[in-house]
Amino acid sequence: MSMIIDHELNYLRFDVPNSEANLNAQHYGGKPRTVGAYYMSENSDACREFLSQMQGKYYFDVNLCLKNAQEVISFLKKNNYADAYRDKLIPQEKQIEALQWFISSGEYFYEISAPTINENAKYLKLDNNDSFITGIKTLILGDLCSLYFKKIGTDGYVIYLDRSPKFDEIIENNTILKWIQKKEEL
């Protein structure tokens, strides 16, 4: 996993590999666990600085998460790639329904507690006891999705998921077909 900070566009991005994705977002294999943190590429000081020393307000943009997740899941299903994933994208479809329900109640942002950094200063952690966060993690498909923290003002952050910058390359190189073949071999 890599952490990228783009000061010009004012965001921090975590690219999530399959091995670090939530179990039901993995495309094959994996241990029965849920990843609870994101690797900071040996640069916790830069992460702390960008995230205002873990102070401020942090919100998930529910509409943007929903829109981006729908686009990715729709694309994968339309192209018959659901078999590349452990649970054929069923948990992701259920999470999309949950986000639609959330928005139908008139809520568009979800406030979370500030992230923390683990004792080894290598991983950024979100509150895994928050069911909203664990649901969002279900949508972060390993290798295809990234998690963004967009800085607003001096200490406000909007968090959302989006396609990984490698998304098109993975599709063009037929990597997903290789995942399906590997899954069949297991």
Side-chain angles (χ1 to χ4, degrees), residues 1-22 25 34-73 75 92 95-96 98-170:
M1 175 180 327
S2 63
M3 176 186 77
I4 306 296
I5 297 175
D6 186 321
H7 292 288
E8 188 175 312
L9 296 175
N10 228 11
Y11 71 74
L12 176 145
R13 181 184 86 228
F14 287 98
D15 295 333
V16 183
N18 181 59
S19 61
E20 296 294 328
N22 181 287
T34 299
V35 174
Y38 299 100
Y39 184 59
M40 294 183 291
S41 303
E42 303 292 334
N43 203 350
S44 63
D45 291 339
C47 184
R48 275 190 184 98
E49 183 182 324
F50 184 85
L51 295 177
S52 305
Q53 305 303 321
M54 309 311 168
Q55 302 297 313
K57 298 286 187 175
Y58 294 81
Y59 297 91
F60 269 95
D61 183 327
V62 182
N63 272 333
L64 193 52
C65 287
L66 175 61
K67 175 190 163 294
N68 293 341
Q70 282 177 316
E71 287 175 4
V72 169
I73 300 304
F75 175 85
Q92 288 72 23
Q95 185 57 35
I96 285 172
L99 291 180
Q100 289 169 328
W101 177 84
F102 186 87
I103 289 171
S104 74
S105 70
E107 299 290 327
Y108 302 102
F109 292 93
Y110 182 82
E111 185 174 5
I112 64 167
S113 57
T116 58
I117 293 179
N118 76 334
E119 60 278 354
N120 297 333
K122 291 185 177 182
Y123 292 91
L124 181 78
K125 296 177 72 174
L126 299 177
D127 182 1
N128 288 322
N129 294 319
D130 185 320
S131 60
F132 184 88
I133 291 173
T134 57
I136 290 293
K137 286 181 178 184
T138 296
L139 295 170
I140 302 173
L141 299 175
D143 300 321
L144 292 180
C145 295
S146 297
L147 186 64
Y148 289 80
F149 289 73
K150 176 79 173 166
K151 192 171 198 173
I152 308 295
T154 58
D155 65 351
Y157 300 89
V158 174
I159 308 163
Y160 60 95
L161 62 94
D162 201 355
R163 295 173 12 156
S164 163
K166 298 178 187 173
F167 185 91
D168 291 333
E169 177 185 333
I170 288 170

> Could you give all pairs that pass the salt bridge (Lys or Arg N to Asp or Glu O under 4.0 Å) test and reach residues 150-165, with sequence neighbours left out?
Replying inline: Arg163-Asp168

> Which pairs count as salt bridge (Lys or Arg N to Asp or Glu O under 4.0 Å) when at least one residue sits in residues 53-62, sequence neighbours excluded?
Replying inline: Lys57-Glu111

Is there a donor-acceptor contact under 3.5 Å from the side chain of [X] to the main chain of [Y]?
X	Y	answer
Asp15	Ser2	no
Asp143	Asn18	yes
Tyr58	Gln55	yes
Asn118	Tyr123	yes

To the nearest 0.5 angstrom, please state how far the [atom1] atom of [X] sits from the [atom2] atom of [Y].
X	Y	atom1	atom2	result
Ser113	Asp127	OG	CG	4.5 Å
Cys65	Tyr108	SG	OH	15.0 Å
Asn43	Glu49	CG	CD	9.5 Å
Ile96	Ile73	CD1	CD1	5.0 Å
Leu66	Ile103	CG	CD1	4.5 Å

For [X], all residues meeting side-chain hydrogen bond (donor to acceptor under 3.5 Å, both in side chains), sequence neighbours excluded:
X	answer
Tyr110	Asp130
Gln100	none
Gln53	none
Ser52	Tyr157

Can you tell if the side chain of [X] reaches within under 4.5 Å of the side chain of [Y], non-hydrogen atoms only?
X	Y	answer
Ser104	Trp101	yes
Val16	Asn22	no
Lys67	Asn63	no
Tyr38	Ile140	yes
Leu99	Leu139	yes
Val62	Glu107	no

>> Could you walk me through whether Ile159 and Tyr11 satisfy the side-chain contact (heavy atoms from CB on, under 4.5 Å) test, starting with their C-alpha distance in whole Å, then the side-chain angles of each, then the deciding distance to 0.1 Å, before giving a yes or no?
In response: CA-CA 9 Å; Ile159 308 163; Tyr11 71 74; over 6 Å; no

> Quick one: are the ring centres of Phe167 and Phe75 less than 6.0 Å apart?
Replying inline: yes

>> Please confirm whether the ring centroid of Phe102 lies under 6.0 Å from the ring centroid of Phe132.
In response: yes

If I compare all heavy atoms of [X] with all of [Y], which pair ends up nearest, and what's the gap?
X	Y	value
Arg13	Pro165	CZ-CG, 3.4 Å
Ala114	Met54	CB-O, 3.2 Å
Ser164	Ser146	CA-OG, 3.4 Å
Phe149	Leu124	CZ-CD2, 3.9 Å

> Tyr39 and Met3: side-chain contact (heavy atoms from CB on, under 4.5 Å), yes or no, with the steps?
Replying inline: CA-CA 7 Å; Tyr39 184 59; Met3 176 186 77; over 6 Å; no

> Which is it for Leu161 and Ile136 under the side-chain contact (heavy atoms from CB on, under 4.5 Å) test, yes or no, and what are the steps along the way?
Replying inline: CA-CA 8 Å; Leu161 62 94; Ile136 290 293; 4.0 Å; yes

